[in-house]
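One structure is given here, and the rest of the page talks about it.
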Amino acid sequence: MTSTPTRRDGYLPPSRFMLHVVNPVARACGAPTLIVRGRLSGREISTPVAPFRYQGHRYVIAGRGQTQWVRNLRVAGRCELRVAWRRHPYRATELRGLEHDEVAADYLEKLGRRAGPFLSELPDPADHPIFRLEPC
């Protein structure tokens, strides 16, 4: 059995280590966490993310592609970002076209070689949904 995730339809599943160790520790330590209502369950679902700023706006990018939080955010259109234990409500707008490409290029430049694992499996920037977060 391999510990390396494999690509499935624009989605790179997280490893068991990421799911059961890294993400819970990140949440417990107060890392930025995206909170979105589940599209089927209606429950709040939290996922550690790496929000970033570009030209004065806040964005989140799905490094692993078409993840569950992406699908939930598309349906909900709203989310909360927990930063330093405080929750901030946002309206989310998914980027398309040239704006998506510009933000993706800036993000990948800032991320540097840490982007390697994602880019080797999902090399097309279009495979990484990006949302602009606007305060509610």
Side-chain angles (χ1 to χ4, degrees):
M1 184 168 137
T2 180
S3 63
T4 304
T6 57
R7 180 183 175 176
R8 278 192 330 221
D9 300 325
Y11 171 58
L12 183 61
S15 66
R16 292 177 57 89
F17 181 74
M18 182 68 79
L19 279 175
H20 300 289
V21 177
V22 175
N23 286 354
V25 168
R27 280 193 223 48
C29 292
T33 303
L34 187 73
I35 302 166
V36 183
R37 291 236 175 248
R39 62 192 182 281
L40 299 176
S41 69
R43 295 180 313 146
E44 286 187 345
I45 299 168
S46 63
T47 305
V49 293
F52 67 102
R53 290 204 175 269
Y54 175 70
Q55 295 185 349
H57 296 282
R58 185 177 290 242
Y59 297 90
V60 289
I61 186 168
R64 295 187 171 279
Q66 304 296 325
T67 63
Q68 294 299 322
W69 73 258
V70 166
R71 295 174 183 145
N72 289 334
L73 191 52
R74 282 180 179 146
V75 171
R78 293 183 181 270
C79 63
E80 290 183 337
L81 190 60
R82 188 184 76 190
V83 179
W85 307 109
R86 294 186 57 146
R87 291 168 69 144
H88 307 275
Y90 288 95
R91 183 176 51 253
T93 304
E94 188 169 6
L95 304 186
R96 305 260 187 235
L98 182 59
E99 185 179 16
H100 176 279
D101 297 343
E102 289 173 357
V103 173
D106 183 70
Y107 178 76
L108 294 174
E109 181 180 314
K110 288 177 183 173
L111 193 62
R113 64 178 178 218
R114 291 180 290 169
F118 302 121
L119 294 179
S120 65
E121 290 289 328
L122 298 171
D124 185 355
D127 286 337
H128 303 279
I130 302 173
F131 292 87
R132 180 177 47 250
L133 302 179
E134 300 165 359
C136 289

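Checked against side-chain hydrogen bond (donor to acceptor under 3.5 Å, both in side chains), Asn23 has no partners two or more places apart in sequence or in another chain. Partners of Val75 according to the side-chain contact (heavy atoms from CB on, under 4.5 Å) rule, which considers only residues two or more places apart in sequence or in another chain, are Arg39. Shown here are the side-chain hydrogen bond (donor to acceptor under 3.5 Å, both in side chains) partners of Glu44, two or more places apart in sequence or in another chain: Arg87. Listed by chain and residue number, nothing satisfies the side-chain hydrogen bond (donor to acceptor under 3.5 Å, both in side chains) test with Asp101 (two or more places apart in sequence, or in another chain). Residues passing the side-chain hydrogen bond (donor to acceptor under 3.5 Å, both in side chains) test with Arg132 are Glu99, Glu134, sequence neighbours excluded.
Looking at heavy atoms from C-beta onward, Tyr107 lies out of side-chain contact with Ile130 at the 4.5 angstrom threshold. Proximity of His20 to Phe17: side-chain heavy atoms (C-beta onward) are nowhere separated by under 4.5 Å.
Between atom CD1 of residue Ile61 and atom CG of residue Asp106 there is a gap of 10.0 Å, rounded to the nearest 0.5 Å. If you take CG on Leu95 and OH on Tyr54, they are separated by 10.5 Å, rounding to the nearest 0.5 Å. A distance of 8.5 Å separates CG in Asn72 from OG1 in Thr67, rounded to the nearest 0.5 Å. Atom CG in Asp127 sits 7.5 Å away from atom CD in Gln66 (nearest 0.5 Å). Leu34 contributes atom CG, which lies 4.5 Å from atom SG of Cys79 (distance to the nearest 0.5 angstrom). With rounding to the nearest 0.5 Å, the separation of CG in Leu81 from CZ in Arg58 is 5.5 Å.
Nearest heavy-atom pair across Pro135 and Tyr90 is N-CD2, 3.5 Å. For the residue pair Phe131 and Ala92, the shortest heavy atom distance occurs at CD2-CB, 4.1 Å. Contact detail for Ala31 and Thr33: the closest heavy-atom pair is O-OG1, 2.9 Å. Of all non-hydrogen atoms in Gly63 and Leu122, the two that sit nearest each other are O-CD1, 4.1 Å. Of all heavy-atom pairs between Gly65 and Val70, the closest is O-CG2, 3.7 Å. For the residue pair Glu80 and Pro89, the shortest heavy atom distance occurs at CG-CA, 4.1 Å.
In this structure a side-chain-to-backbone donor-acceptor pair under 3.5 Å is present from His100 to His128. Listed for the Thr93 side chain is no donor-acceptor partner under 3.5 Å among the backbone atoms of Arg91.
A salt bridge is defined here as a Lys NZ or Arg NE, NH1 or NH2 lying under 4.0 Å from an Asp or Glu carboxylate O, and Glu94 with Arg96 meets this definition.
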Which atom pairs, donor and acceptor, lie under 3.5 Å between side-chain atoms of residues 45-53 and protein residues at least two apart or in another chain?
unit_1, atom_1, unit_2, atom_2, d
Ser46, OG, Arg27, NE, 3.0

